[in-house]
Protein chains: 2
Amino acid sequence: MKKLTIKDIAKEFKVSISTVSKALNDSYEISQSTKEKIQKYAKEQNYKPNFNALSLKNRSTKTIGVIIPTMLNYFFAQVFKGIEKTALEKGYKVITCISNESYDKEVEIIEMLSNGSIDGFLLSMAKQTELIHKFDHFKTSIEDGTPIVMFDRVAQSIACDKVITDDLEGATKTVEYLYQKGHKKIAFVSTMSNLHIGKERLKGYKEGLKNVGLQFNKDLVLNVVEQDYKKYKNIVRPFIKNNSIDAVITTGESVAVSVMKAIKKNAQKIPKDAAVIAFSNGILSRHSSPKMTTISQHGEQMGATAAKILIEKLENKTKTITTEIIKTDLVIRDSTRK
Amino acid sequence: MKKLTIKDIAKEFKVSISTVSKALNDSYEISQSTKEKIQKYAKEQNYKPNFNALSLKNRSTKTIGVIIPTMLNYFFAQVFKGIEKTALEKGYKVITCISNESYDKEVEIIEMLSNGSIDGFLLSMAKQTELIHKFDHFKTSIEDGTPIVMFDRVAQSIACDKVITDDLEGATKTVEYLYQKGHKKIAFVSTMSNLHIGKERLKGYKEGLKNVGLQFNKDLVLNVVEQDYKKYKNIVRPFIKNNSIDAVITTGESVAVSVMKAIKKNAQKIPKDAAVIAFSNGILSRHSSPKMTTISQHGEQMGATAAKILIEKLENKTKTITTEIIKTDLVIRDSTRK
DNA sequence: TTTTCATCTAAAAACGTTTAATTACGAAGA
DNA sequence: TCTTCGTAATTAAACGTTTTTAGATGAAAA
C-alpha cells in the first residue's frame, strides 16, 4: 500500500540506509553479496526512488514546462507531440500549460512554475504578448536561471534559443512554383498580418514576386482577422470576384477553404482557372475538395528540435545560443495544376 | 540569481528558519512586527517556497498525470483543454503524456510517474489496451494509492471514477430525429466497431430503429478500419451505391466526408435525397460542404468533469466511486433537412 | 605482537520545508 | 519572593534521498 522507501529496505535487512542507497546505486563500497540481496529485494518489491526527494537533493527535476497558446490547432498539437516524444526519450517529463493567447495567463504560468517545479521552458508566445510586446517575464525567468527555448512565435529581442519555420522562404518558393505553373495574378490572403510570422510570409510573397519578375500589387493582398471563420466568406468572396486572380496563397487552411468556395462561386475551376495553396498542417486540407496543395510546416520536428536544444542546455552540453530554422515543404495535392 | 530560501531570509534577519517559516505562514506564535518585516522582505525578493521540498514534506504534489491517446484529434484536444483549465483553477499542475494508442507506452508512463511525481491519473485508454484487455497496470496504480479517473475510453471492469459520453442515447436520438424528418433507410458507418464506445453507438442506432418501428438491416451497417482515411472512398462508395440509402450516421467526421462525397457521386443531393450526421467535434464538419450536422460530444466539459472528480477525491472530499455521463448534443447544420 | 591496510558498513550532513517540543523571559498572581 | 502564565523565539525531527566522513573488522606486513 504505502510506498516502499530506502528506510524500509534498510530495516528489512538490518543495515543502514546509506548501505541501501549505495547498494542500489551499485557502489564499489558495498560487498557483492549485500548488493545482490538488496537489489533483488528492491526489484521484487518494485522500489522506486522518490521523485521529490531526488529533485530536492539534485536540484533538478527532469521536468520541462511547456507553454503553448492552444492545443485546438493541428500545428501546435503536432509540435506538442514532438516535444513529448523527445522529452520522454531523454527521461524528461512535461508539464503542459495553455496560455490561450493571453499575456496574463502566460505570466501567471511562468510565475507558478518558477518554484523549482521545472528545469526549463519550451514556449510559443501568446498572440497578445506579441502584440503588446511585453517580454519581461521571459527575461526574468532566464536571468533567474530557468532557460527558455522559444518555438514558432518567438520574441526577437530576447536572447534565447529559438526554433522557427522558414516562413519567408516557404512563401517565396511557393510564388516561384506558381509562376512556373503559369500563374501571373497571384494573391496573398493573410489571417495573421499582425504577427511576425505573418509579416515574414508576406515578405516572402513579395520576394517571390520580385524573383520571377512580377509586379507587387497591394490590391492582391487581403488581410482578414482570424477566429471568426464564419465571416471569412463575406470578405473573401468580393475579393475573389473583383480581382481576376489565377492563384491564391493563404496563411491558413481554414481561410483557404473559404477561398476555394469563393473561387467556385465565381465560376472558376480549381486548379484549371485558379490555384490555391495554404500554409497548413491540418486535416482540412486533406479532406477538402479538391484536396489542397499546402506549404507544410513539420510541427513535430519543430517540437522535437526545441526539446532537444533545451535538454542539451540543461545538461550543460551547450553554452551558445542558436536559432534553428525548420524548412517548409510544398505538398502537392489537387488544388494546383500538375 | 540563485533561488532565495527560507534559510537566506533567516540569515538576513538573524532569526531561526522556523521563525521565518511561521512568519510566512502568518502563525500566531510570531509577533506582529517580525511577521511584517519578514513578509515584506519575502514579497520584495519574490520568495517562493520550493516545490520539491513542499511536496516531500506534504506527500502531495498538487500535480495530475494525464495519459491521452493522442493530441492530434480535436476531441481529445478539447478534453485536454478542459482538464488543464480546471486543474489550474484548483491549483494543480498537469503532466501530460501521450500513449499513442499503445499498451506498452501506457504501462511505461504509469510506471514512470508512480514515484511520487503525481497525486493521481486522468486517462483515456489506448486502443491497444482496450483490444488486448489488459488492465493490471490500472489496478496496481489504484491499489498503490494513486487514484485514476478514466474518461471516454474507460475500462468497465476497473473500479474507478469514470466520465463517459452518452454514446448510446446520442445515437438513438439521432435515429429518431432522422425518422422524424422522413428518413426510412438509415445507414450506420463505424470506424470503431471494436471499441466499446463504437459498440454503444451501434447499440444506440439499433435501439433508435426499434423505437421508431424500423427494421434493423445488417446490410445498412458498414464497418471500416480507421486510420487509412484515403481508402475510405473505396469501401464507402460501393456501400452507398448499392444500397438505396436516404440517411447515414457515422462515428466520425473524417469518414463522413467520404460518405458525403460518395453520395454526391451517386447523384444524390444532400440533404434533399440523403442526410448525413456524424459523431464529431472537429473542424471538418464546420468546413465541409454542405456543413455537417453532428452529434457533438462536449470534450471540454468531459475534461473539466474528470479533473474535478479527481481533485475532489485527492482532497478527500469524496469516497464514493461515480460514473458521470456527459450528454451529447445534436448540432444541426446543412447536411440534414430543415 | 603491533602496525598498516583493505574492505565493508554506519553515522551524519545536506537539499528546503513544516511542525511539535522546548526554552527564555518578563509580567501577573499568590 | 516564588510560582505561574503568556508571549516570542529556538531546537529538533521529519519528509526520502545521496554523499562525505568516520568506524569496525580482520588479514597481511613489520
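Per chain, numbering begins at 1; letters A, B, ... match sequence-line order.
- If you check every strand for non-hydrogen atoms under 4.0 Å, B:Ser16 touches a base.
- Taking atom CG of residue A:Leu54 and atom P of nucleotide D:dG16, one finds them 12 Å apart after rounding to whole Å.
- Of the side-chain N and O atoms in A:Arg59, one or more sit less than 4.0 angstrom from OP1 or OP2 of C:dG16.
- Open room surrounds NZ on A:Lys85; 12 or fewer heavy atoms of other groups in view lie less than 6.0 Å from it.
- One can place CD of B:Glu29 at 8 Å from C1' of C:dT19, the figure rounded to the nearest angstrom.
- Residue contacts for B:Ser55: at a heavy-atom cut-off of 4.0 Å it reaches no nucleic acid atom on any strand shown.
- Within 4.0 Å (heavy atoms only), A:Lys48 reaches sugar-phosphate atoms of the nucleic acid but no base atom.
- Remark: of the listed residues B:Asp161, B:Thr320, B:Thr318, B:Asp161 is the sole one forming a side chain to side chain donor-acceptor pair (under 3.5 Å) with B:Lys313.
- Around the NZ atom of B:Lys48, the shell of radius 6.0 Å holds more than 12 heavy atoms that belong to other residues, nucleotides or ligands.
- Atom-to-atom, CG of B:Leu56 to C1' of D:dC15 comes out at 4 Å; the value is rounded to the nearest Å.
- As judged by a 4.0 angstrom heavy-atom cut-off over every strand, A:Lys14 is placed among residues touching the sugar-phosphate backbone only.
- The NZ-C1' distance, from A:Lys3 to D:dG16, rounds to 13 Å in whole Å.
- Taking 4.5 Å as the limit, every side-chain heavy atom of A:Thr5 sits out of range of all side-chain heavy atoms of A:Asn50.
- Whole-Å rounding puts the B:Asn25 CG to C:dA20 C1' distance at 15 Å.
- In terms of position on DNA chain D, the residue among A:Leu24 and B:Ile30 whose nearest nucleotide sits closer to the 5' end is B:Ile30.
- One finds no side-chain N or O of B:Ser18 lying less than 4.0 angstrom from the OP1 or OP2 phosphate oxygen of D:dT11.
- Contacts of B:Tyr47 with the nucleic acid, taken as non-hydrogen atoms under 4.0 Å apart, involve only primed sugar atoms and P, OP1 or OP2.
- Rounded to an integer number of Å, the gap from CZ of B:Phe13 to P of D:dT10 is 13 Å.
- Heavy atoms of B:Thr19 sit under 4.0 angstrom from at least one base atom.
- Computed from coordinates, the B:Ile6 CD1 to C:dC15 C1' distance equals 13 Å when rounded to whole Å.
- Look at A:Asn52 and you won't find any side-chain N or O under 4.0 angstrom from OP1 or OP2 of D:dG16.
- Not a single donor-acceptor pair, N or O on each side, falls under 3.5 Å between the base of C:dT17 and the side chain of B:Lys57.
- Counting distance only, with no hydrogens placed and no angle test, the side-chain atoms of B:Lys22 and the base atoms of D:dT10 include a donor-acceptor pair under 3.5 Å.
- Taking side-chain N and O atoms only, B:Thr34 has a distance below 4.0 Å to OP1 or OP2 of D:dA9.
- Within a 6.0 Å sphere centred on NZ of A:Lys11, other residues, nucleotides and ligands contribute 12 heavy atoms or fewer.
- A close approach under 4.0 Å does not occur between any side-chain nitrogen or oxygen of B:Ser31 and OP1 or OP2 of D:dT7.
- Checked by atom type, the side-chain pair B:Glu324/B:Thr305 shows no donor-acceptor distance below 3.5 Å.
- For A:Asp26 and D:dT19, the CG to C1' distance is 16 Å, given to the nearest whole Å.
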